[in-house]
Amino acid sequence: MKISYDPALPITDRHDDIAAAMRDHQVVVVAGETGSGKTTQLPKIAYELGRRAIAHTQPRRIAARSVAKRLADECEVDLGAEVGYAVRFDDQTSEATAIRLVTDGLLLAELQRDRQLSRYDTVIIDEAHERSLSIDFLLGYLKQLLPRRPDLKVVITSATIDVERFAEMFDAPIIEVSGRTYPVEIRYRPPAETGADDELDAIAQAVSELPNEGDILVFMSGEREIRDATDYLNGKKYPRTEILPLFGRLAAADQQKIFSNHPGRRIVLATNVAETSLTVPGIRYVIDPGFARISRFSQRLKVQRLPIEPISQASASQRAGRCGRVADGICIRLYSEEDHDSRPEFTDPEIQRTNLASVLLQMASLDLGDIKDFPFLDPPDSRAISDGINLLYELGALDAKKSGGRGLTKIGRRMSTLPTDPRLARMLLAADKLGCLGDVLVIVSAMSIQDPRERPLDRQQAADEMHRRFREPDSDFLSYLTLWKYIREMRDELSSSAFRRLCRDEFLHWLRIREWHDVHSQLRRTAKEMGLKPGTVGADPDRVHQALLSGLLSHVGLRDTDGREYLGARQAKFMIFPGSGLAKKPPRMVMVAELVETGRLWGRTAAKIQPEWVEEAGAHLVNHVYSEPHWSRRRGAVMAREKVLLFGIPLVADRLVQYGRIDPVVSRDLFIRHALVQGEWRTHHEFFAANQRMIAGVEELEERLRRRDLRVDDETLYAFYDQRVPADVVSTRHFDSWWKQARRKDPDLLTFDPAMLSDGPADADEEFPREWHSDGESYPLTYAFEPGMQDDGVTVDLPVDRLLTVDDRAFDWHVPGHRVELVTELIRSLPKRLRREFVPAGQFAPRLVEAMAPSAPDLSEELARQMRLLNGTIVSADDFDFESLPPHLRVTFRVVEDGVELARGKDLATLRRELSSHVRADLTKVARQEERTGLRSWDVGTIEPTITAGQVTGYPALVDEGSSVALRVLDTAAEQSVAMVKGQARLLSYALPTPVPQLGRALDLHAKLLLSTGPHKDAAAVIEECWLAALESLVVRHGGPVWDEVMFGLLHETVRAEAYDETEQAVHAVIATLQALGEVTPLPSTEAGEDVRVQLSWLIYPGFIRDAGVAQLRRFPLYLQAAKRRLDAPLTDDLLATQDLEARFHARTASLSTWARLAPEVQHVRWALEELRLSLLAQNLRTAFPVSVKRVTALVDAL
DNA sequence: GAGCACTGC
């Protein structure tokens, strides 16, 4: 290796000083401007000193490559031999390599494998003044490492700015090397002083000020400003002048133009890319408006901001330096010198401007301890550190927020081994779990690089059109996949030159596509080495998005219900970037890959997502807010409304959840209060029923005794349960499983002690009895303590058939418990002249009550008798005014039938009148109905010999439940006919086959309708309608399967209308037919009991039944047609094909009408009853119908 | 309704 030094280079003069310093010090700082030769000469000096493992870092890959090439040339060795370079995707080094050019990022990454940097004896950190994250981290790391590696030499080079700080940090000597650049004249031209209208005008004025020869570099802050300026300057039509834009996202071909030869003058309008990354050749003049977009991290919203800011003095001098490389230069600053001098000296180092998650993750995986103790040159502030920690926690890389960045999780450790941004690394790990790593590798790689889609200034529309082919409706991420597949396909099909041409024609950036591919391969390889399973692309898009989401939880947004703006984390408001496929139709909820604040906050690369995904992926971050905890009797648990929020974004607005696991204390409290204390629970636990009974008993006692102070309060009951029910019982389910065990030990644990409930009097049942005994019958009594209300006091239930016969005088006595009060009030109700003989009434009353004979039939007479006996006052029974008594001292009558209340009141005579007039009204209607329809009601007299007022024997007993109020109460034949109809209706419903009780009820209802039907309807028509409605409602409700039953019910009804002696036979015939068709199973109606009902019902009102039956028979073909529509076609066809079935029914219709006209009803009754008896006897079905064989036999005998 | 520039086992 040839080591020689170019005497023309300024550094050569300091060669010996530098060599000496490196010998004597572990760290040396070399300060020198561009052109000093430090970059190429320093490694040679180190080599000369015997150093054979030199790492020499550069901020950019391209620099590492070109420095290595130049060095290899100078040393006359092959690149990759003694001198080599290693950058991402490209390692040109070998065993022999002594000088290794690397990017600082790569050296940093090497730490993961080689914590001591043991493969190097020398590290040169070049361009340290750039202060990238990597450089700052490396410097801090070296500071810690050097004491442990005394043999390691470090050289730090920097532009002459701020070198003292590096020297101080390492206690190192500074060797200054002069630059070899041409002088640059600085002119300050603030727009205010030149009279320029705006920045563009100021630029134009500066251009005019400069000579016509020599290229000009103008620094702009962004793409849009460059576009505006290009248009503006083109408009000036400078002679022989070419205007060229230059910025990072520029199409490759356009960027290359700055390197091409050109006639005349060139004005390059560039972003900061020209300040460090790209050297524009041949620049003589610089125009510097003094602004740049600087990336900053927003403290409040935790997003990246790109504000336009005045640049620092260091940046300004860097810009000026761009025109002193080939000859003397002029730099025109469009601001004043005072402005310049007042600006910050240096641009803030990157570590103070970005999220620290990535650094923190690396530090944690390198076990570097607390970041606060790490020797950063410019330590990040504590808020920035906690932001970084929070992001790592969000990603699941740290297990707790408060471990100072330590406490790396398994996921975190694996993330740190993936060479990509923490968010992206998280996505890869999630993808592996979800089985979509193949797809996510492609997407993550795309997100790691600059957008491969080009958008040349002058052909934006054409480019957009080309790119639109890859667009996916709900996801920009999927567009990457589509593009990837397309590129893969094309690359396989085309030659490499054809492929490059395709890229150019279709606005794809070839170099970035290669980068995409390289990143993908590297990530895929690393993933495989980690044991992940990449697989292929083509997984379920939902899974892909769920994987991506786990890296983008704080980049979720919920759109305004009407608008385009999204509510993001921490109340950030953002919009989808216009370049996105989702910008026009923004979905309700999205995630975005990037959130960057420029003019406003933009979300770039977006996809539609589901809130449930966020809830799941962000389970460690979401907030649950609960409201309205309440007892749900149905669920047997406490329920609450749940709201789920992620960083303040509502994911779930209102969800009903079990509250037990959330707040067991409150839930248990509500469970005890509602389920146990208030009894809002349906359960079979014995203690519960017993306690309920006890409480009900006490409450009833309160009503009876007219007191409100007997029952213990709920708090006492609560305390009772609270002491016994364990803390973890928060619902009926918890209770049941606890009680299953607990009751074995003490079954009475939860049963109330009656003593604790009340201390009511022992003789309550005698004073306030639950039953009233009179005439050998007993009537239930109920009590109400509701002063002022009509029913206040005692109510007696009076069955309607006792209404006429009961002795109402007995009730004047009232219950013993109220008798003294009753007598007191009766005394007070006397006319004054009598009343004054018994003052005070309250003292006389007990004595009178004592003396009265409780067996006396009439209270008034007995009381009057006793009063006369007491002091000779002549009181008549009529002198007492019962009407004036307070309501609770007069019994209320409640007239009931089958437990249903018909009427109530305190005066029996009135009740009796009301009920009979009600029935008469019904009867009048029926009489008119009979006239209109010609239908005849049953002539009761012919079959019922023994109906008298209040006493009905024989027939009504037979009809049993079918009997009615009127039948039992009234005694005229006409009135009874109504009762017959009612009873018949009831029986009709019983007569139906049991599988269709709905039909039975429908007909019952219908019979009632019949009684009140309007003048335009006749009975047959109404019953017809009823049938149809019942059938339809049944079929609608139950569908096809029920249809069979309905059909059967129908047939049964129809057959029933035929001669009763054929009934059973006919039913069997029908069943047999249907069975032959494979449609029905035998139905219980074939049993004798059912048939008996059929016969009975039709005996009672044969005319009615006959007509209804005829109508139904006529309908039969219609029913069949309906059946055809509803049943499977083949079956129905078969059914319809059975022509003789239909014919038979028609024939029977005819015979039925003939028969009906001839047959005298009475005879049918006898006949039928005989039949019934025989049938019952023969089949020994004692319980088939609620009449016993004995009763039927008795009835037949009576007839 | 439109964004500075870099970098990585």
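All values reported here derive from a predicted model rather than from experimental measurement. Every heavy atom of this structure was used, including side-chain atoms; hydrogens, water molecules and symmetry mates were not. Each chain gets a letter, A, B and so on, in the order its sequence line appears, and its residues count up from 1.
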Angle between ring planes, A:Phe577 versus A:Trp602, binned at 30° and 60°: parallel, tilted or perpendicular? perpendicular
What nucleic acid atoms does A:Arg564 come within less than 4.0 Å of, heavy atoms only: base, sugar-phosphate, or nothing? nothing
N or O in side chain of A:Thr276 less than 4.0 angstrom from B:dA5 OP1/OP2: no
Is the phosphate of B:dC4 approached by A:Arg296 (side-chain N or O, under 4.0 Å from OP1 or OP2)? no
Using a strict 4.0 Å threshold on nitrogen-to-oxygen distance, state whether A:Arg343 and A:Asp339 make a salt bridge. yes
Got a sec: does the CD1 of A:Ile62 have more than 12 other heavy atoms crowding it under 6.0 Å? no
Report the C-alpha distance between A:Phe374 and A:Phe137 in whole Å, list the side-chain angles of each, state the deciding distance to 0.1 Å, and finish with yes or no for ring-ring contact (aromatic ring centres under 6.0 Å, His included). CA-CA 9 Å; A:Phe374 192 76; A:Phe137 193 1; 5.6 Å; yes
DNA chain B-proximal residues of residues 583-591 of chain A, any heavy atom under 4.0 Å: A:Ala583, A:Lys584
Counting any heavy atom closer than 4.0 Å, what does A:Glu110 reach on the DNA or RNA strands: base, sugar-phosphate only, or nothing? nothing
Tell me the closest heavy-atom pair linking A:Gly248 and A:Gln255, and the distance in Å. O-NE2, 3.6 Å
A:Ala446: side-chain contact (heavy atoms from CB on, under 4.5 Å) partners, not counting sequence neighbours: A:Tyr480, A:Trp516
Is A:Thr103 near enough to B:dT7 that one of its side-chain N or O atoms lies under 4.0 angstrom from OP1 or OP2? no
State whether the side chain of A:Asp254 and the backbone N or O of A:Leu250 hold a donor-acceptor pair below 3.5 Å, judged by distance alone. no
Students often get this wrong, so: under 4.0 angstrom with heavy atoms, is A:Leu418 touching a base, only sugar-phosphate, or nothing? base
Expected list for residues 297-318 of chain A near DNA chain B, using heavy atoms below 4.0 Å, is A:Gln304, A:Leu306
Could you tell me whether A:Thr57 contacts a base, only the sugar-phosphate backbone, or nothing, with contacts defined as non-hydrogen atoms closer than 4.0 Å? nothing
Going by the side chain to side chain contact (heavy atoms under 4.5 Å, CB included) test, name the single residue among A:Leu548, A:Ile411, A:Leu392 that passes it with A:Arg426. A:Ile411
Under-4.0 Å side-chain N/O to phosphate OP1/OP2 contact, A:Arg293 with B:dA5: no
According to a strict under-4.0 Å criterion, is A:Gln522 in side-chain N/O contact with OP1 or OP2 of B:dC9? yes
Kindly assign one of parallel, tilted or perpendicular to the pair A:Trp484 and A:His520, based on the angle between their ring planes and the thresholds 30° and 60°. tilted
For A:Asp104, answer base if it contacts any base atom (sugar-phosphate contacts may also be present), sugar-phosphate if it contacts only those atoms, and nothing otherwise; contact means non-hydrogen atoms under 4.0 Å. nothing
Please classify the nucleic acid contact of A:Val273 as base, sugar-phosphate, or nothing, using heavy-atom distances under 4.0 Å. sugar-phosphate
Heavy atoms only, 4.0 Å cut-off, all strands: where does A:Thr420 land among base, sugar-phosphate and nothing? base
